[in-house]
Engineer: 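For reference, the structure I am asking about is given below.
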Amino acid sequence: MASLQDGPAGATNTDMRFGAISKTLHWLTAFLIISMLVLGIVASKWPFDTSEALATKGLLFSTHKTLGLVTFAVAVLRICWAVTQPRPVSLPIDSKLQHFAAEAVHWSLYGALVLVPLTGWTHHAASTGFAPIFWPFGQTLFFVPQSVVLAAVLGKLHFVFNIVLVVSLGLHTAGALKHHVIDRDATLKRMLPGQVALPNGMKRTTFHTGPVFAAFGMWACAACVGIFLGMGKGGTPQAATLGTVQSEWRVTEGSLVIAVDQFGQSVEGTFADWTADIQFSETPADGKFGDVNVVISIASLTLGSVTSEALGAGFLNAEGFDTATYSGPILAQGDGFVVDGVLNLVGQEVALPLSFTLTLDGDVAAANGVTTLDRRDFGIGQAYPDDSTVGFGVEVSFDLVATKDQDPT
């Protein structure tokens, strides 16, 4: 075995010492991780009961996410640098168990540097809405679809991986302090600026895969926990069960979509569960072509990353009002039609005309329409008296295909 050469370390590593670049990347990573963790905790705890508080919360989350991308970039740079450099030999450790634990924590931290910011980034890309990343390259990723289920899983993975990161960071810090305070060796000093005296007789030890597999097993277990939690409902209010509707026209496919501006960006959401009782005739009677009665399960809404807030007491209050209804006669309007309807939402009834176009092909009808309501008319979001954080107007649109039931009874 070739003898190890000692000497002053410059920018690059030597057999015995870390170079200036390795040291800089080490402490820069530590600073970024701690800053990212603190920002994430503060942002999560920050209230959003006023427009000003929500704006601050959004700024904190945006800064946290942006810092996460910086951390990810530095982590990739650090790993790339590490694999091109000789790794300085470890100081002698009498306990094999202590050496195993130190190596396992080391590999665990390398995993954290990649997995924590990566799951945070992909969770952001899979969601829509709240707190954009401060950069000019867009908020989505071409390989990450925007999906409620995927966003929930990635969000839980990010949460669980952060716990593993905090534990690993704590163990790494405790180990460094033990070496410095109790063992009084050069383990910590070797990562500080300047030169430090090293003990004689240092030698390179055989690489063992055990610590690598231990770290991998820990991350695999954490991933399983995150996926399990993400597949659960996560405290979402129970959606109302809507019964079968006997209708002259039976909806075979369709979507009910809302869009609201948040921090100047449109956030789109959908109601997964709604029923429609549609009575329609091409020949008007008493000036109307029929009637519409729609029942919507409020808790079936998904609205990007702000779904839970939208369903809360300050907005749609899904716990207190599990359904909304919209009903009214169908009237002619120019070349199309309009439902002269009334929307009952969070206990408030407000007139809301809904214009739509209709295409008939025998017993198959295709319709789509759009309208805009003002959330203030329903007392929604009263803590946000201006539209700089949450827009006043909420666009409601639908697109459906229905077939005529020859025997609706």
Side-chain angles (χ1 to χ4, degrees), residues 40-62 64-65 123-124 126-132 146 148-149 151-152 154-156 158-159 229-230 232-242 256-274 295-326 343-350 373-396:
I41 293 171
V42 172
S44 298
K45 300 289 186 182
W46 200 269
F48 53 92
D49 53 348
T50 66
S51 294
E52 293 77 12
L54 181 62
T56 302
K57 190 180 186 76
L59 177 62
L60 289 170
F61 266 118
S62 288
H64 167 76
K65 293 175 181 181
H123 170 254
H124 174 81
S127 308
T128 57
F130 194 62
Q146 290 196 325
V148 175
V149 174
L154 290 170
K156 290 300 182 183
H158 185 61
F159 173 75
L229 294 175
K233 293 187 177 180
T236 300
Q238 184 65 41
T241 301
L242 303 182
L256 181 59
V257 180
I258 65 171
V260 60
D261 283 344
Q262 186 180 62
F263 297 113
Q265 296 184 345
S266 180
V267 183
E268 191 172 277
T270 59
F271 289 96
D273 195 6
W274 51 279
V295 180
I296 306 163
S297 174
I298 295 299
S300 71
L301 172 69
T302 56
L303 190 63
S305 59
V306 294
T307 299
S308 59
E309 288 80 4
L311 297 178
F315 289 92
L316 293 178
N317 193 4
E319 292 283 1
F321 302 92
D322 58 354
T323 62
T325 61
Y326 180 71
L343 176 62
N344 187 319
L345 180 63
V346 293
Q348 302 295 318
E349 291 189 347
V350 176
L373 61 85
D374 191 320
R375 63 175 175 83
R376 296 170 296 180
D377 293 339
F378 298 89
I380 293 175
Q382 296 185 58
Y384 307 95
D386 62 78
D387 62 354
S388 61
T389 50
V390 181
F392 295 145
V394 179
E395 184 181 272
V396 182

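Numbers here simply count residues along the sequence, with the first being 1.
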Engineer: Looking only at atom types and distance, does a side-chain atom of Lys65 sit under 3.5 Å from a main-chain N or O of His124, one as donor and one as acceptor?
Structural biologist: no
Engineer: Whether the side chain of Ser300 engages the backbone of Asp273 through a donor-acceptor N/O pair (distance < 3.5 Å, no angle test) should be reported.
Structural biologist: yes
Engineer: If you compare all heavy atoms of Phe61 against all heavy atoms of Ala131, which two are closest, and at what distance to 0.1 Å?
Structural biologist: CB-CB, 3.5 Å
Engineer: Taking all non-hydrogen atoms of both residues, which atom of Ile296 and which atom of Phe271 are closest, and how far apart?
Structural biologist: CG2-CD2, 3.5 Å
Engineer: In Å and rounded to the nearest 0.5 Å, what is the OG1 to CG distance from Thr302 to Leu311?
Structural biologist: 9.5 Å
Engineer: Do Tyr326 and Val396 make a side-chain contact, defined as non-hydrogen atoms from C-beta onward lying under 4.5 Å apart?
Structural biologist: no
Engineer: What is the distance from atom CG of Asn344 to atom CZ of Phe378, rounded to the nearest 0.5 Å?
Structural biologist: 8.5 Å
Engineer: Is there a donor-acceptor pair closer than 3.5 Å between any side-chain N or O of Gln146 and the backbone N or O of Ser127?
Structural biologist: yes
Engineer: In residues 45-57, what donor-acceptor pairs under 3.5 Å come from side-chain atoms, sequence neighbours left out?
Structural biologist:
from	atom 1	to	atom 2	distance (Å)
Thr50	OG1	Ala53	N	3.0
Ser51	OG	Asp386	OD2	3.4
Thr56	OG1	Glu52	O	3.1
Lys57	NZ	Ala43	O	2.8
Lys57	NZ	Ser44	O	3.3
Lys57	NZ	Trp46	O	2.6

Engineer: Are any non-hydrogen side-chain atoms of Ile258 and Leu301 less than 4.5 angstrom apart?
Structural biologist: yes
Engineer: Going by the side chain to side chain contact (heavy atoms under 4.5 Å, CB included) test, name the single residue among Thr325, Ile298, Asn317 that passes it with Leu345.
Structural biologist: Ile298
Engineer: Does the side chain of Thr389 come within less than 4.5 Å of Phe263's, by heavy atoms?
Structural biologist: yes
Engineer: Do the side chain of Arg375 and the main chain of Val390 share a donor and acceptor less than 3.5 angstrom apart?
Structural biologist: yes
Engineer: Mind checking whether Val257 and Glu268 have side chains closer than 4.5 Å, heavy atoms only?
Structural biologist: yes
Engineer: Looking at every non-hydrogen atom in both residues, tell me the closest pair between Ala126 and Leu154 and how far apart they are.
Structural biologist: CB-CD1, 4.2 Å
Engineer: If you compare all heavy atoms of Lys156 against all heavy atoms of Leu229, which two are closest, and at what distance to 0.1 Å?
Structural biologist: CG-C, 3.8 Å
Engineer: State which residues pass ring pair (Phe, Tyr, Trp, His ring centres under 6.0 Å) with Phe315; sequence neighbours excluded, sorted by chain then number.
Structural biologist: Tyr384
Engineer: Side-chain contact test, heavy atoms from C-beta onward, threshold under 4.5 Å: evaluate it for Leu373 versus Val350 and give yes or no.
Structural biologist: no
